[in-house]
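What follows is one structure encoded as structure tokens, with my remarks underneath.
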Amino acid sequence: MTDTQNPDDNETDAAPRDFIRDRISADIESGQHAAIVTRFPPEPNGHLHIGHAKSICLNFGVADEFGGTCNLRFDDTNPAREDESYIRAIQDDVRWLGFDWGDNLFYASDNFEQLYAWAQHLIENGLAYVDDLSADEMREYRGTLTEPGRPSPHRGRTAAESLDLFARMRAGEFEDGAKVLRAKIDMASGNINLRDPVLYRILRADHPRTGDAWRIYPTYDFAHGQSDAIEGITHSLCTLEFEDHRPLYDWLIDNLPVPARPRQYEFSRLNLGHTVLSKRRLSQLVEEGHVTGWDDPRMPTVTGLRRRGVPPEAIRDFIGRLGITKSDGLVEMSYLENTIREHLNQTAPRRMGVLDPIKLVIENYPEGETEELDGLNNPTDESAGTRKIPFGRELYVERDDYMDDAPNKFRRLTIGREVRLRFAYFVTCTDVIKDAEGNVTELRCTYDPESRGGDSPDGRKVRGTIHWVSVAHAVTAEVRLYDHLFAAEEPGKERDWLEDLNPASLEVRDTCFLEPALADADGVVQFERLGYFAPDTNSAPGALLFNRTVSLRDSRPKAKG
RNA sequence: UGGGGCGUAGCCAAGUGGUAAGGCAUCGGGCUUUGAUCCCGUGAUCGCAGGUUCGAACCCUGCCGCCCCAGCCA
């Protein structure tokens, strides 16, 4: 009973460990908290991106691991920039990622009345005052990073006067920007957030949820921590740039009669190479038409990744592998891509499709004859079974898979070389037909009828295997190939970030030929030897449209055929 | 020159005084009806310089580098 654990007693596969989880464990062990409550607090002013996914996975993940709950809370304190449409989209995204907030849906705006009362409480206690300084004046008075600020002339206003002014601000008596409510803390603090930060500003705009009830709105600093307290959040997890705000967060909690004592912990946000992860920049890309929308498959948004064909499991796995720390780095895009491949390799059915077709005619195959061959749906998963693939005398193969005078390394078609048509026959190229400009228009081949299925009874080996589609049975489709949205790994590092946009991020192949089984594909599939492809949201029978989620790894020698 | 953080191999990241986990990438090799998958192997003395200690990535001191903060954005 009093047995201690063996030092070599290997725990099961390590649940994620990081400084935040360590802290939570400690808080639970010490009895500090019986159960933990976290929250994911998006501002509804744009769509979620993969950086948010990190926060989502952390907050919901930790709640789940420790038997707590995670609230979804909209930080809707700025009606000037927020919109209802985003509220819906954000919920869809979080759900799609695989998380469930149950009944715990909140809005900071639900607390407006309470926040107002607490602001009055601060004024009554001499801890806040109404200031008439303009934004410009306030900036001047605030000082600089190295010089202390000066007190506003209104800092000494009586509580009674501030209370009156504050009420009139609420009533809509003053213009936007005419007055603000400020906390009275320390104009000389080295931490600029403590130099009498603004708690309320006049914004005579209607709010998606409270309509015209309010003419003043609390700032993030005043709304966030207090909302945490109201919801009983135990661990308020946010990104590093809020570290400077923690003293203010604590000051407010300490000076207000809040019902709980939440604590804020900060972790580093996700930075990904060859893309941008800020809502400001992402909205700009959308607004200026550099992409087709928030759900453009090139966007690092949750909705974009989804349309691209990235499974939510892959995103969660990716985030999990990165870990939670306080050091900010730049994660290689290839890391994400690799994680996506890993998941899709297990689940995506294999199919064949030719994206840059040239015709291949098998001269000794009977005219007009057709047969069906069996193709493995997934070599890594026996249970995926097989499918029938129609075969005939005329096929489409990839232009890339033929080369004149190919070097020995070239394992594909060239005159005189025998290769295997996947799941079909051995075929030997005998002649090539070209147009006036020298472009290959057709390949002539002979096949070995004995090699049906892809193996020769004489045990003869073949150097390569290529994919194909029967001309008579092919379905046509448009396929979109994507590359990094930005050519530079760190957009904006060497020049204006928009100049780093990759002009080749989208390549449209409008006449591709696919095996007939793809006519009604409804999930991500692997086009053998090419990559993973997802039917686009606009794909329709007769007008198939696929997005390349990610290519397959390619270890072929550098110089392509 | 103020305040707050960070600094372990190309990238992410364990490690918290006892002699550098793991993942990805790279490069070799094996297997292979996808040049895919899979399998095996492959690299660091821990930003730098001092100090404490029998012993330091982990403790102390001093440097250096990078990130964030001067919105009535979050």
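In what follows, every chain begins at residue 1, and chains take the letters A, B, ... in the order their sequences are listed. Everything numeric here is computed off the predicted structure, so don't read it as measured data.
With hydrogens and angles left out, the side chain of Q346(A) and the base of U37(B) share no donor-acceptor pair within 3.5 Å. R412(A) contributes a side-chain N or O that forms a donor-acceptor pair with the base of G35(B) under 3.5 Å. With hydrogens and angles ignored, no donor-acceptor pair under 3.5 angstrom links the side chain of H467(A) to the base of A36(B). For N191(A) against G4(B), no side-chain N or O and base N or O form a donor-acceptor pair under 3.5 Å.
Taking atom CZ of F242(A) as the reference point, atom P of C68(B) lies 14 Å away to the nearest angstrom. In this entry the distance linking CG of D186(A) with P of G4(B) reads 13 Å, nearest Å. One can place CG of L145(A) at 8 Å from C1' of G3(B), the figure rounded to the nearest angstrom.
Which of C72(B), G3(B), G5(B) sits closest to the side chain of E243(A) comes down to G5(B). The nucleotide whose nearest atom lies closest to any side-chain atom of S327(A) is, among A74(B), C6(B), G35(B), C6(B). The side chain of E241(A) approaches A74(B) more closely than any other nucleotide in the set G35(B), A74(B), C24(B).
Nucleic acid contact for R553(A): sugar-phosphate only, since backbone atoms but no base atoms lie under 4.0 Å from a heavy atom of the residue. Within 4.0 Å of G329(A), counting heavy atoms only, lie sugar-phosphate atoms of the nucleic acid but no base atom.
Here, C58(B) and G71(B) have their P atoms 39 Å apart, quoted to the whole Å.
Taking a 4.0 Å limit (strictly below) on heavy-atom distances, residues 374-386 of chain A reaches RNA chain B at P379(A), T380(A).
Side-chain nitrogen and oxygen atoms of R246(A) include none within less than 4.0 Å of the OP1 or OP2 phosphate oxygen of G3(B).
Taking the ring axis of W214(A) as reference, the NZ or CZ atom of R170(A) stays within 45° of it and closer than 6.0 Å to the ring centre.
Taking a cutoff of 4.0 Å between a charged side-chain nitrogen and a carboxylate oxygen, E515(A) and R387(A) qualify as a salt bridge.
Of the listed residues (R350(A), E398(A), E528(A)), just one forms a side-chain hydrogen bond (donor to acceptor under 3.5 Å, both in side chains) with H467(A), and that residue is E398(A). Between F546(A) and the options Y532(A), F527(A), F533(A), a ring-ring contact (aromatic ring centres under 6.0 Å, His included) holds for only F527(A).
Base orientation of G65(B): anti, the glycosidic angle falling outside 90° of 0.
Across every strand in view, G65(B) sits in a pair with C6(B) that passes the Watson-Crick or G-U test at under 3.5 angstrom.
Within the 4.5 Å cutoff, no side-chain heavy atoms of H47(A) are placed close to those of V302(A).
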